[in-house]
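Please read all numbers here as calculations on a predicted model, not as lab measurements. Order of the sequence lines fixes the chain letters, A, B, ..., with proteins taken first and strands second; residue numbering starts at 1 for each chain.
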There are 2 protein chains.
Amino acid sequence: MLKAQFDHTNCSDCPIRHRAVCAHCDADELEELEDIKYYRTFEAGQTIIWSGDQMNFVGSVVSGIASLTQTMEDGRTQMVGLLLPSDFVGRPGREAAPYDVQATTDVVMCCFRKKPFEDLMNTTPHIAHRLLQMTLDELDAAREWMLVLGRKTAREKIASLLSIIARRDASITPKDKPASIVFDLPLTREAMADYLGLTLETVSRQISALKKDGVILLEGKRHVTIPDMRRLMEEAGDDSDGGFLV
Amino acid sequence: MLKAQFDHTNCSDCPIRHRAVCAHCDADELEELEDIKYYRTFEAGQTIIWSGDQMNFVGSVVSGIASLTQTMEDGRTQMVGLLLPSDFVGRPGREAAPYDVQATTDVVMCCFRKKPFEDLMNTTPHIAHRLLQMTLDELDAAREWMLVLGRKTAREKIASLLSIIARRDASITPKDKPASIVFDLPLTREAMADYLGLTLETVSRQISALKKDGVILLEGKRHVTIPDMRRLMEEAGDDSDGGFLV
DNA sequence: CAGATACCTTGACTGAGATCAAGTGGAAGC
DNA sequence: GCTTCCACTTGATCTCAGTCAAGGTATCTG
């Protein structure tokens with residue numbers, strides 16, 4: 001069942017080589033990383049790290065999608081981060097994990113044992129610097145999301161999520177066709193609800209409404225076409241051009 | 001009107017010396033910082049940085065409280081960060097500011113011109129490392145807040161905010177009296193609403209309700225006493241001991 | 001093939017919080 | 001002392017999203 005697209009073993013062939021925490025490393029530094037890295041795969045639905053657990057590794061998502069979630073005692077859950085390929089997992093300098101990390105799809109991770117990685121960080125400014133930039137980007141994304149959670153309507157929330165996923169895909173697929181964007185939703189309705197602070201019924205209703213109004217086209221339950229990205233952005237409440245990040 | 005508690009000019013006397021971005025700097029490094037630093041004061045209500053503006057400085061909050069806010073075209077606003085003394089403002093490596101930064105109370109900032117600070121960061125691992133830790137802390141706080149915004153009830157939101165403010169004060173005032181905590185709210189009802197994703201009427205109603213139920217005591221509109229911190233934490237939905245940061 | 005399961009949709013009703021509106025209390029200004 | 005203003009409170013009503021419930025569809029299993 002786990003058919004990981006996982007056919008490289010050294011960093012130079014790595015699909016996230018130029019975007020992950022190792023992006024700015026030179027050949028020597030990469031060699032040091034090679035020594036402490038190992039790959040792990042996780043099936044969709046599996047928990048990668050439990051909140052409160054000791055973290056003994058950090059690493060990068062190579063392929064697939066993982067999510068960070070917080071859960072209250074009574075079961076209410078909120079997704080607080082979506083980890084895409086090249087995103088970093090774990091926190092140098094902290095013992096215990098603050099959130100659950102779950103594999104939303106099948107996931108391949110490039111892991112580093114925590115202690116050696118921390119040592120390497122202290123001697124390799126390229127890594128520390130890159131990690132700071134990535135963390136600042138994540139902080140911006142988290143704050144962007146706070147606006148979505150705090151002030152947007154259900155319809156705007158769905159549109160916001162779709163536009164984030166669409167934009168991510170757009171950055172991977174050619175940019176010269178901004179006309180119509182096509183992608184598969186990597187999340188179930190329930191996962192979307194957890195991300196958006198909604199119930200899955202509301203998610204379903206709003207997706208149906210956006211479909212009825214022609215903002216999106218649906219084929220099956222997951223295959224989405226955005227005929228007019230500008231229209232979607234308006235529905236999301238992010239007027240026009242304002243670019244924000246995943 | 002602006003009576004800044006601002007009676008130091010060199011770093012060794014600085015009240016945030018041990019907690020700000022300069023915390024780990026040694027004497028030599030501090031001297032370099034002294035050369036590029038300058039102080040600015042802002043009155044309550046003043047905007048320190050406008051979203052989209054070129055940022056030509058970064059810096060630390062020395063005293064007072066500032067807030068990061070995002071605003072939609074139709075006027076809906078969401079506060080996405082609360083900056084307390086020692087918190088860092090600005091983002092090395094980015095040109096434009098992503099949010100408005102506003103002085104909630106009178107604020108004193110220790111500013112560094114951006115370019116020299118970036119240069120210094122590249123040559124001073126102590127600063128870069130400290131900034132990474134602070135950014136990771138802020139990211140944790142932002143994600144904690146996402147749970148509040150996405151999944152908590154109005155009453156729980158208010159209790160969460162009060163417990164954050166109480167905990168911050170507790171970390172400044174002596175710890176040996178966990179029995180009853182007293183502080184002044186540094187935010188208007190409207191600012192609380194913007195932070196919590198509520199309306200100011202709902203904030204007012206829930207504060208009244210918590211008062212009526214004996215969870216808090218109010219003297220005037222701003223002076224709060226928490227007779228039983230554990231009770232407040234329960235109301236916030238953060239069961240018992242689970243510690244989280246400002 | 002029947003039955004189970006996971007994921008999704010839709011409908012009817014409810015309720016928490018928003019909205020609209022009026023009023024209170026205290027400080028500042030004339 | 002009176003007015004004005006601002007921050008806040010309280011009440012009445014409305015509405016959006018939650019809750020509860022039923023049903024649909026595709027995939028998997030024995």
Side-chain angles (χ1 to χ4, degrees), chain A residues 1-2 43-46 72 74-78 102-105 148-162 184-213 216-224 235 237, chain B residues 1 43-45 72 74-78 104-105 148-162 184-213 216-224 235 237:
Chain A
M1 185 179 207
L2 181 58
E43 287 184 46
Q46 213 178 335
M72 294 172 69
D74 60 7
R76 280 176 282 176
T77 71
Q78 175 67 48
Q102 280 171 317
T104 296
T105 63
V148 173
L149 290 173
R151 293 298 185 195
K152 290 194 177 179
T153 65
R155 185 180 173 102
E156 288 170 335
K157 284 180 176 182
I158 298 288
S160 297
L161 179 57
L162 292 174
D184 282 296
L185 282 171
L187 302 174
T188 64
R189 300 290 187 265
E190 188 180 18
M192 286 189 250
D194 283 345
Y195 200 22
L196 296 165
L198 297 171
T199 60
L200 73 89
E201 293 95 327
T202 299
V203 169
S204 184
R205 272 188 253 275
Q206 295 300 333
I207 288 181
S208 297
L210 288 175
K211 177 184 171 187
K212 185 166 133 280
D213 296 346
I216 62 173
L217 306 177
L218 260 188
E219 228 175 308
K221 293 154 190 318
R222 299 290 193 93
H223 194 73
V224 178
E235 292 285 355
Chain B
M1 185 185 206
E43 286 184 45
M72 294 172 68
D74 61 8
R76 281 177 282 177
T77 72
Q78 175 66 48
T104 295
T105 63
V148 174
L149 290 173
R151 292 298 184 195
K152 290 195 178 178
T153 64
R155 184 179 174 104
E156 289 170 334
K157 285 179 176 183
I158 298 287
S160 297
L161 178 58
L162 292 175
D184 282 296
L185 282 172
L187 302 174
T188 64
R189 301 290 186 265
E190 188 181 18
M192 286 189 249
D194 283 345
Y195 198 25
L196 296 165
L198 297 171
T199 59
L200 73 90
E201 292 95 329
T202 298
V203 170
S204 183
R205 272 187 252 274
Q206 295 299 334
I207 288 181
S208 298
L210 288 175
K211 177 182 170 187
K212 185 166 134 277
D213 296 346
I216 61 173
L217 305 177
L218 259 188
E219 228 176 309
K221 293 153 191 313
R222 299 289 193 94
H223 194 73
V224 178
E235 291 285 355

(request) Would you mind reading off the distance between A/Glu201 atom CD and C/dC8 atom C1', rounded to a whole angstrom? (result) 10 Å
(request) Please identify each residue that fulfils side-chain hydrogen bond (donor to acceptor under 3.5 Å, both in side chains) with A/Thr188, with sequence neighbours left out. (result) none
(message) Taking atom CD as the centre, does B/Glu190 end up with more than 12 heavy-atom neighbours from other residues, nucleotides or ligands that are less than 6.0 angstrom away?
(response) no
(request) Hey, could you give me the CG/CG distance between B/Leu198 and B/Leu149, rounded to the nearest 0.5 Å? (result) 8.5 Å
(message) Based on the rotation axes of five pairs at each end, what angle does the helix from C/dC1-D/dG30 to C/dC30-D/dG1 bend through, to 10°?
(response) 30°
(message) Tell me if a side-chain donor or acceptor on B/Gln78 pairs with a main-chain N or O of A/Val148 at a distance below 3.5 Å.
(response) no
(request) For residues A/Gln206 and A/Leu210, determine if any side-chain heavy atom of one lies less than 4.5 Å from a side-chain heavy atom of the other. (result) no
(request) Send over the distance from B/Leu200 CG to C/dA22 C1', rounded to a whole Å. (result) 14 Å
(message) A/Ser204: which residues meet the side-chain hydrogen bond (donor to acceptor under 3.5 Å, both in side chains) condition with it, sequence neighbours left out?
(response) none
(request) Answer yes or no: is there a side-chain heavy-atom contact under 4.5 Å between A/Leu162 and A/Leu185? (result) yes
(request) May I have all residue pairs that pass salt bridge (charged side-chain N to carboxylate O under 4.0 Å, His left out) and include part of residues 202-212 of chain A, sequence neighbours excluded? (result) none
(request) Name all residues meeting the salt bridge (Lys or Arg N to Asp or Glu O under 4.0 Å) criterion together with A/Asp213; count only those two or more places apart in sequence or in a different chain, and write none if there are none. (result) A/Arg155
(request) Report the residues that fulfil side-chain hydrogen bond (donor to acceptor under 3.5 Å, both in side chains) with B/Arg151, sequence neighbours left out, ordered by chain and then residue number. (result) A/Asp194
(message) For the backbone of A/Lys221 and the side chain of A/Arg189, can you confirm whether one donor and one acceptor N or O come within less than 3.5 Å of each other?
(response) yes
(request) With the side chain counted from C-beta on, respond yes when A/Val224 and A/Leu217 share a heavy-atom pair under 4.5 Å apart, and no when they do not. (result) no
Enumerate all atom pairs, one protein N or O and one N or O from nucleotides 23-26 of chain C, separated by less than 3.5 Å.
none

(request) Test side-chain contact (heavy atoms from CB on, under 4.5 Å) on A/Met192 and A/Leu161 and set out the steps. (result) CA-CA 8 Å; A/Met192 286 189 250; A/Leu161 179 57; 3.6 Å; yes
Atom pairs under 3.5 Å: protein N/O with N/O of nucleotides 14-18 of chain C:
| residue | atom | partner | partner atom | Å |
| --- | --- | --- | --- | --- |
| C/dG17 | OP1 | B/Ala154 | N | 2.7 |
| C/dA18 | OP2 | B/Thr199 | N | 3.4 |
| C/dA18 | OP2 | B/Thr199 | OG1 | 3.1 |
| C/dA18 | OP2 | B/Thr202 | OG1 | 2.4 |

(message) For B/Arg76, give me all partners under side-chain hydrogen bond (donor to acceptor under 3.5 Å, both in side chains), at least two apart in sequence or on another chain.
(response) A/Glu156, B/Asp74
(request) Residues of residues 188-196 of chain A with any non-hydrogen atom less than 4.0 angstrom from an atom of DNA chain C: list those, numerically ordered, please. (result) A/Thr188, A/Arg189
(request) Give a yes or no on whether the backbone of A/Glu43 and the side-chain of A/Gln46 come within a donor-acceptor separation of less than 3.5 Å. (result) yes
(message) With a strict under 4.0 Å distance from non-hydrogen atoms of chain A, what nucleotide opens and what nucleotide closes the contacted stretch of DNA chain D, reading 5' to 3'?
(response) D/dA17 to D/dC20
